[in-house]
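All chains are named by letter (A, B, ...) in the order of the sequence lines, taking the proteins before the strands, and each is independently numbered beginning at 1.
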There are 2 protein chains.
Amino acid sequence: MKKTETKRAEIIETAERRFREAGYNKTTMAEIADDLNMSAANLYRFFKSKQDIAAACCERCLGERGECLSAVTKQQDLSAGEKLLAFVLEDIRYTFERAENEPKINELIASVTHNRQDIVISKLGEQCELIAEIIEQGNLSGEFNVVDVMKAARAIHSSFTLFEVPIFLPLFTREQLEMMARDLVELLLMGLRKR
Amino acid sequence: MKKTETKRAEIIETAERRFREAGYNKTTMAEIADDLNMSAANLYRFFKSKQDIAAACCERCLGERGECLSAVTKQQDLSAGEKLLAFVLEDIRYTFERAENEPKINELIASVTHNRQDIVISKLGEQCELIAEIIEQGNLSGEFNVVDVMKAARAIHSSFTLFEVPIFLPLFTREQLEMMARDLVELLLMGLRKR
DNA sequence: TTTGTGAATATTCAATAAAATATTCATTAT
DNA sequence: ATAATGAATATTTTATTGAATATTCACAAA
């Protein structure tokens with residue numbers, strides 16, 4: 001029986017609820033344990049440290065963004081070009097949503113990603129994959145004519161950095177960012193399209 | 001006589017030397033004043049606060065990056081496409097250079113830009129101008145065929161964010177960033193070029 | 001064995017006071 | 001007047017230490 005994984009998931013869920021409301025520093029291992037009717041010591045059979053629980057929460061949150069972006073790329077009725085735009089606009093939407101509604105979680109992510117870069121890099125890779133899928137679709141439909149799909153996907157993904165990172169939010173309004181994203185995608189599409 | 005401006009410049013220069021070596025928090029107004037053979041109180045005739053001196057230093061530093069980038073765009077023997085690549089590679093070079101050799105100044109900039117966003121926005125605007133100049137050149141030489149130059153410049157500049165911000169440095173090697181920059185510029189140029 | 005705990009220890013946090021420093025101001029010098 | 005200062009005040013760091021919390025561990029229950 002793999003009860004262990006179930007327990008781990010429960011711990012992550014419980015901890016995340018606390019982190020969301022009180023932040024990382026103000027939630028204690030004892031509280032998390034209490035919520036699950038166990039002792040604090042017992043948490044350590046499932047996670048090496050509190051930081052590790054936070055890292056798991058962080059990974060789950062980043063995964064959530066990935067799912068939102070994935071949902072966009074799975075829409076049937078959009079051309080590849082439209083999907084690319086939808087992708088970046090969804091990225092912006094999610095960035096703002098998180099910043100406004102879950103500021104504590106954002107802090108958590110910022111802090112965790114300092115130590116655990118592997119998590120970020122892995123999630124970035126997944127996003128590149130999604131963009132690569134969009135490009136593939138464009139190639140198949142004849143919309144695009146891209147030779148090295150992954151290379152293009154990485155390049156495009158790197159160009160979206162501004163729209164993913166909350167530190168830039170104070171510099172621009174959401175409308176400004178959306179405008180910049182539209183203009184950028186328009187330009188990128190000119191380079192991708194078959195000619 | 002505009003002795004005042006001269007004095008302000010001296011103060012900025014002196015303060016920057018201290019900030020570079022000891023960081024913002026570990027340099028005192030008294031030390032800066034001593035270096036200039038004046039009293040700390042007298043500094044306040046030239047700057048409203050220590051933060052304001054820091055802001056002025058910050059502005060100078062950001063201006064320095066602008067000058068480096070400007071120098072690239074002024075090179076005579078490069079096509080517009082080559083200049084765009086040179087621009088972003090210079091941006092990366094400067095980012096790494098600063099991070100390695102002047103970490104304290106980087107902290108200063110990060111801290112100042114939290115309060116004084118106007119400074120950052122103004123400098124970002126100047127960089128857009130430089131990119132616009134490159135596009136103009138491309139249009140004139142027949143290399144490009146861009147209708148709305150500033151719109152394209154802003155879009156391109158936003159796509160360079162990853163290469164300008166030191167927080168991403170731990171995630172990638174310089175070689176990786178340079179590779180991404182090359183691929184991105186290649187893609188952008190496909191969109192810009194006359195067809 | 002596996003699952004779990006309470007108690008011991010190590011680490012971090014928070015409150016306070018002391019010291020250092022930023023800022024203001026009344027006064028002097030030029 | 002303008003330029004400048006030393007001393008007074010306000011604010012920010014630093015050091016300290018007691019309390020809170022994370023982590024470990026020896027042992028117990030299943």
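Rounded to whole Å, atom P of C:dA29 lies 16 Å from atom CG of B:Asn42. Between B:Phe46 atom CZ and D:dA4 atom C1' the separation is 9 Å, expressed in whole Å. The separation between B:Met29 atom CE and D:dT11 atom P is 16 Å, rounded to whole Å. Taking atom CZ on A:Arg18 and atom P on D:dT21, their separation rounds to 12 Å, with Å as the unit. Remark: C1' of D:dA22 and CG of A:Asp52 are 13 Å apart, rounded to the nearest angstrom. Look at NZ on A:Lys48: it is 16 Å from P on D:dA22, rounded to the nearest Å. Put simply, CZ on B:Arg45 is 19 Å from P on C:dA22, counting in whole angstrom units. Whole-Å rounding puts the A:Lys26 NZ to D:dA20 C1' distance at 12 Å.
Remark: the A:Arg65 side chain and the A:Thr95 side chain contain an N/O donor-acceptor pair separated by less than 3.5 Å.
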Output, in order, the C-alpha distance, side-chain angles, deciding distance and verdict of side chain to side chain donor-acceptor pair (under 3.5 Å) for A:Ser70 and A:Lys74.
CA-CA 6 Å; A:Ser70 179; A:Lys74 297 293 183 296; 3.1 Å; yes
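Distance from the side chain of B:Lys50 is smallest to C:dT23 among D:dA22, C:dT5, C:dT23. Each of C:dA22, C:dG6, D:dT21 was ranked by its minimum atom distance to the side chain of A:Ala41; first place goes to C:dG6. Nearest nucleotide to the B:Ser39 side chain, out of C:dC13, D:dG6, C:dA22: D:dG6.
Ion pairing between B:Arg182 and B:Glu178 fails under the 4.0 Å rule for side-chain N and carboxylate O. Taking a cutoff of 4.0 Å between a charged side-chain nitrogen and a carboxylate oxygen, A:Glu107 and A:Lys104 do not qualify as a salt bridge.
Along DNA chain C, the nucleotide nearest B:Thr28 and the nucleotide nearest A:Asn37 are compared for position; the residue whose nucleotide lies closer to the 5' end is A:Asn37.
OP1 or OP2 of D:dT12 has not a single side-chain nitrogen or oxygen of B:Asn25 nearer than 4.0 Å.
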